[in-house]
Amino acid sequence: MSKAGRLVVLVSGSGTNLQALLDASADPSYGARVVAVGADRDGIEGLARASRADVPTFVEKLRDYATRTDWDAAIAAKIAEYEPDLVVSAGFMKILGPPTLTAFPLLNTHPALLPSFPGAHGVRDALAHGVKVTGCTVMLADAGVDTGPIVAQEAVPVLPGDDEAGLHERIKTVERRLLVDIVGRMAREGWTVSGRTVRIGNHTGGEST
Ligand SMILES: Nc1nc2c(c(=O)[nH]1)N[C@@H](CN(C=O)c1ccc(C(=O)N[C@@H](CCC(=O)O)C(=O)O)cc1)CN2
Ligand SMILES: NCC(=O)N[C@@H]1O[C@H](COP(=O)([O-])[O-])[C@@H](O)[C@H]1O
């Protein structure tokens with residue numbers, strides 16, 4: 001059974017999911033704390049949020065490395081410096097390779113109901129398809145793109161006149177609550193993975209979370 005007290009959170013943008021985790025971890029009973037924040041780019045609000053919270057940060061830019069393999073090795077090594085129990089991808093916009101995936105559990109949050117609309121533009125793609133219901137997904141990442149086992153999902157209605165930004169903000173309100181809940185439960189209760197089923201705690205019933 002895995003536990004998740006030490007979190008490294010990876011961001012690429014505004015970091016509102018990160019901020020929700022920082023706020024939650026201020027309560028010692030939450031059971032997890034953000035020990036570092038990493039990014040693939042600098043000058044983003046997510047890094048500023050970490051600095052304001054006195055959390056160490058690091059940036060590993062793909063363009064600084066000769067190959068993607070070199071970048072994969074570098075970001076995995078940087079993550080390892082902080083000895084995380086769980087890495088949380090919260091708006092991190094790079095696919096992570098085997099050096100990270102084989103060393104740490106990677107929890108990812110995605111603004112669509114996987115397996116629908118995977119990838120970097122889930123909200124845009126769902127809206128373009130004309131769905132009436134979308135949502136968010138928290139999953140354990142594997143080597144694929146948003147193909148890992150699903151931990152939790154929550155639906156969000158698409159409203160008439162929604163544009164991508166407005167729908168995404170509505171999704172993020174739900175997503176932040178879901179991510180904070182799941183990370184906290186994983187940290188306090190641990191989790192197991194059996195095939196595509198993730199069980200948090202010692203549940204032996206049919207539920208998957
Ligand atoms: N091994 C994995 N790593 C990551 C996953 C995953 O499922 N497996 N999820 C992503 C987050 N994500 C969706 O939730 C996602 C983010 C970005 C992309 C993507 O196509 N990225 C491109 C570059 C895009 C850019 O730089 O703007 C790329 O990596 O080449 C797909 C899915 C986090 N990591
Ligand atoms: N496919 C990855 C992806 O689209 N991730 C999404 O980026 C947003 C980041 O918001 P934040 O930086 O304010 O937390 C979140 O909605 C997250 O699900």
Side-chain angles (χ1 to χ4, degrees), residues 2 4-22 32-112 114-125 128 136-151 164 168 172 175 179 183 186 193 196 198:
S2 302
R6 294 176 58 88
L7 309 175
V8 168
V9 181
L10 303 177
V11 297
S12 293
S14 56
T16 64
N17 278 283
L18 164 65
Q19 189 64 57
L21 291 170
L22 290 169
R33 66 188 181 96
V34 181
V35 297
V37 173
D40 62 333
R41 61 201 77 182
D42 51 27
I44 57 172
E45 183 62 13
L47 292 171
R49 293 180 190 274
S51 297
R52 290 195 291 269
D54 294 323
V55 172
T57 63
F58 61 87
V59 177
E60 292 293 344
K61 301 176 186 176
L62 180 58
R63 68 167 180 262
D64 289 344
Y65 293 88
T67 68
R68 182 120 189 184
T69 300
D70 292 345
W71 176 81
D72 268 321
I75 198 166
K78 183 60 73 174
I79 292 168
E81 290 179 15
Y82 296 95
E83 299 179 322
D85 301 299
L86 180 65
V87 180
V88 180
S89 166
F92 188 64
M93 299 306 287
K94 288 290 189 298
I95 298 301
L96 290 157
T100 298
L101 297 173
T102 56
F104 314 104
L106 175 64
L107 193 72
N108 181 54
T109 183
H110 181 72
L114 295 172
S116 298
F117 313 115
H121 307 288
V123 178
R124 182 187 69 184
D125 295 344
C136 51
T137 301
V138 177
M139 34 81 70
L140 283 170
D142 61 15
V145 178
D146 298 331
T147 54
I150 292 170
V151 182
E164 180 181 356
H168 200 168
K172 285 168 78 170
E175 177 182 39
L179 183 66
V183 169
M186 290 174 77
V193 183
R196 290 198 58 82
V198 182

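These figures come from a predicted structure and were not determined experimentally.
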Compare every heavy atom of [Y] with every heavy atom of [X], then report the nearest pair and how far apart it is.
| X | Y | value |
| --- | --- | --- |
| H110 | F117 | NE2-O, 2.7 Å |
| K172 | S14 | NZ-OG, 3.5 Å |
| E60 | I75 | CG-CA, 4.1 Å |
| I95 | R68 | O-NH2, 3.0 Å |
| A90 | V9 | CB-CG1, 4.0 Å |
| D42 | V59 | N-CG1, 4.0 Å |

Q) Step by step, would you call L179 with V88 a side chain to side chain contact (heavy atoms under 4.5 Å, CB included)? A) CA-CA 9 Å; L179 183 66; V88 180; 4.2 Å; yes
How many angstroms lie between [atom1] in [X] and [atom2] in [Y], if you round to the nearest 0.5 Å?
| X | Y | atom1 | atom2 | answer |
| --- | --- | --- | --- | --- |
| D64 | D40 | CG | CG | 11.0 Å |
| I150 | D146 | CD1 | CG | 9.5 Å |
| L22 | L7 | CG | CG | 9.5 Å |
| H121 | E164 | NE2 | CD | 8.5 Å |
| T16 | L21 | OG1 | CG | 10.0 Å |
| L62 | D70 | CG | CG | 10.0 Å |

When you compare the side chain of [Y] with that of [X], does any pair of heavy atoms fall below 4.5 Å?
| X | Y | value |
| --- | --- | --- |
| E45 | Q19 | no |
| M186 | V138 | no |
| T147 | P118 | no |

Q: Report the C-alpha distance between K94 and L96 in whole Å, list the side-chain angles of each, state the deciding distance to 0.1 Å, and finish with yes or no for side chain to side chain contact (heavy atoms under 4.5 Å, CB included).
A: CA-CA 6 Å; K94 288 290 189 298; L96 290 157; 5.6 Å; no
Q: Check V37, I79, L47 against F58 for a side-chain contact (heavy atoms from CB on, under 4.5 Å) and give me the one that passes.
A: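 For F58, the side-chain contact (heavy atoms from CB on, under 4.5 Å) test succeeds with only one of V37, I79, L47, which is I79.
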Q) Given the rule in the side chain to side chain contact (heavy atoms under 4.5 Å, CB included) test, do V34 and R49 qualify, once you have shown the distances and angles that lead to the verdict? A) CA-CA 12 Å; V34 181; R49 293 180 190 274; over 6 Å; no
(Q) Under a 3.5 Å distance rule, please check whether R6 uses its side chain to pair with a backbone N or O of E83 as donor and acceptor. (A)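 Side chain of R6 to backbone of E83: a pair is present.
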Q.
Strictly distance-based, threshold 3.5 Å: is any side-chain N or O of T137 a donor or acceptor partner for the main-chain N or O of A112?
A.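 Present.
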Q.
For a side chain to side chain contact (heavy atoms under 4.5 Å, CB included) check, start with the C-alpha distance between L101 and D142, then their side-chain angles and the critical distance, and finish with the verdict.
A. CA-CA 7 Å; L101 297 173; D142 61 15; 5.8 Å; no
(Q) Within a 6.0 Å radius of atom CZ on R63, are there more than 12 heavy atoms belonging to other residues, nucleotides or ligands? (A) no
